[in-house]
There are 2 protein chains.
Amino acid sequence: MDTTQRTDQQRSADRRRRELLEAADRVVLRDGPQASMNAIAAEAGITKPILYRHFGDKGGLYAALAKRHTDALLDSLRAALDAPAERRERVEATLDTYLAAIEARPQVYRFLMHPAEGGTATEQGFDVGKHSAPLLRRMGEELAQVIEDRLDLGPESQQLARVWGHGIVGMMHAAGDWWLGERPCSRAELVRCLADLLWGRLAAAGDRVGGPGF
Amino acid sequence: MDTTQRTDQQRSADRRRRELLEAADRVVLRDGPQASMNAIAAEAGITKPILYRHFGDKGGLYAALAKRHTDALLDSLRAALDAPAERRERVEATLDTYLAAIEARPQVYRFLMHPAEGGTATEQGFDVGKHSAPLLRRMGEELAQVIEDRLDLGPESQQLARVWGHGIVGMMHAAGDWWLGERPCSRAELVRCLADLLWGRLAAAGDRVGGPGF
DNA sequence: CATACGTGTTACTAGCGGTAACACCAGTCT
DNA sequence: AGACTGGTGTTACCGCTAGTAACACGTATG
């Protein structure tokens, strides 16, 4: 039970864990969020109980899987957000990075957004949104932090930043989801439209003739 | 098999259908989206096969259920959107209506947003967002229509309106979801923050001292 | 009376998430 | 050597789900 041995064991366990996650990744990429534990175990060349020993339950496995992808996406978003350019350019780069990511791997994106939580009715309480889409929450919080750090918003700075963070992320997400399904325009056009919205063109637009205006 | 009799039968079937939907509503309100067909049948005082004869499968029942609530919510939103007031007031009223609805019945809201699609792996294709949240899509499309009808947005009017419709709905949804979970402020404050965002305060805000600005 | 039909049931299948119980194989202590 | 311990793996099972086949009752029509 000396240190070296325990390190070896831990390393071995970690490697196994990574292998299992990669197998799970392949299956989820193939079958979508309904991938069964049986299928994942088979893909990894083992049987179910091993999965359960490593990840506790299906939620644990899915959380581990989601964390990998979420971390990766957040890294690219941070890079776009931190680039040395002026505000509008950076906003557009961030939007474009997100949209490029969901465009490149729609199955992964779908898995992250709709984890399809549990079959046997665990969790009874109606804690809305608690387990819904951790990726959206994390993106919202990160963006809120960036906004609060860099913008001067007066006394209610923190509250505004958090609302805006989650709001902007939601805007990006919903628009991206719709765009991915219908492909009504190019990615660049979508980015420009969204940036225009954030830049207040909605308030600035004139009423159409004959109506009371929106 | 004359016309009168067939009408009678159809009316009877429709009434039964409505009763079943109301029972399903109660169960979903109590158990959340994981409500089982067994539980719904028991609540309605009948057994499973009858449910399947009426709705085909679980997806069919859920779709019928979702349509009722979606229609009701969209009606209130339309009312707020059509009220005789100026643009900003109307936007705020619409936001507030939506937020009040999800605040009043979080279980219904959650059911509408996360239908928890099927246990046995139906649908193999990776049609992202197709089955995800029909409510969001419908709200986005309706808002897009209103925007296009009433605002003068120049040559790319239609495209801008659709992007904005889905984007604004997504913003409202994500912010609402987060707000419902954390309750960081009052509903009125949230509405004001979101309206500020739509009114371009993000672009207008000054940089914080010492940083390059967001 | 028989025949069709709508309404309801029981009893079942196949598959899911999750677990208990057992087998094997390494290294360690006496 | 021989017992003992801990990690890795298995088979076989439980309780649950969605969904279905097959059968039973009541009721109008020929």
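Nothing here was measured: the structure is a model prediction, and the numbers come from that model. Below, chains carry the letters A, B, ... as their sequence lines are ordered, and counting in each starts from 1. Values below: all heavy atoms of this structure, side chains included; hydrogens, waters and symmetry mates excluded.
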K.L.:
Would you indicate whether the side-chain heavy atoms of B:Y62 and B:F111 approach each other to under 4.5 Å?
P.N.:
yes

K.L.:
Could you state the CG-P distance from A:N38 to C:dG17, rounded to the nearest angstrom?
P.N.:
7 Å

K.L.:
Are the side chains of B:W178 and A:L136 in touch, meaning some heavy atoms are under 4.5 Å apart?
P.N.:
no

K.L.:
Rounded to whole Å, please give me the gap between CZ in A:F55 and P in C:dG17.
P.N.:
15 Å

K.L.:
Can you pull out every side-chain hydrogen bond (donor to acceptor under 3.5 Å, both in side chains) where at least one residue sits in residues 182-191 of chain B? Sequence neighbours excluded, please.
P.N.:
A:R162-B:E182, B:D96-B:R187, B:E103-B:R183, B:E103-B:R187, B:S186-B:E189

K.L.:
Distance-only, no hydrogens or angles: does the B:Y98 side chain make a donor-acceptor pair with backbone N or O of B:V169 under 3.5 Å?
P.N.:
no

K.L.:
Which pair of heavy atoms, one from B:L51 and one from B:A41, lies closest together, and at what distance?
P.N.:
CD1-N, 3.7 Å

K.L.:
Looking at five pairs on each end of the helix from C:dC1-D:dG30 to C:dT30-D:dA1, what is the angle between the two axes, given to 10 degrees?
P.N.:
40°

K.L.:
Would you mind reading off the distance between A:D31 atom CG and C:dC16 atom C1', rounded to a whole angstrom?
P.N.:
14 Å

K.L.:
Whole-Å distance between C:dC16 C1' and A:Q34 CD?
P.N.:
12 Å

K.L.:
May I ask you to check whether B:H166 and A:D177 show a side-chain donor-acceptor distance below 3.5 Å?
P.N.:
no

K.L.:
C:dG15 P sits how many Å from A:K58 NZ, rounded?
P.N.:
15 Å

K.L.:
Would you say the side chain of B:R68 lies within less than 4.5 Å of the side chain of B:D25, judging by non-hydrogen atoms?
P.N.:
yes

K.L.:
Please give, in whole Å, the distance from D:dA18 P to B:M37 CE?
P.N.:
7 Å

K.L.:
List in chain and number order the residues that pass salt bridge (charged side-chain N to carboxylate O under 4.0 Å, His left out) with A:E43, two or more places apart in sequence or in another chain; answer none if no residue qualifies.
P.N.:
A:R26, A:R30

K.L.:
For the pair made of CZ in A:R16 and P in D:dT8, what is the distance, rounded to whole Å?
P.N.:
8 Å

K.L.:
Are A:L190 and A:L95 side-chain neighbours, meaning at least one heavy-atom pair lies under 4.5 Å?
P.N.:
no

K.L.:
With side-chain hydrogen bond (donor to acceptor under 3.5 Å, both in side chains) as the rule and sequence neighbours excluded, what pairs involving residues 47-57 of chain B come up?
P.N.:
none

K.L.:
Could you check how far CG of A:D57 sits from C1' of C:dC16, rounded to whole Å?
P.N.:
14 Å

K.L.:
Please list, by residue number, the residues of residues 39-53 of chain B whose heavy atoms come closer than 4.0 Å to an atom of DNA chain C; answer none if no residue qualifies.
P.N.:
B:I46, B:T47, B:P49, B:I50, B:R53

K.L.:
What parts of residues 19-28 of chain B reach DNA chain C, counting only heavy atoms under 4.0 Å away?
P.N.:
none

K.L.:
Between B:D71 and B:R78, is the closest basic N to carboxylate O distance under 4.0 Å?
P.N.:
no

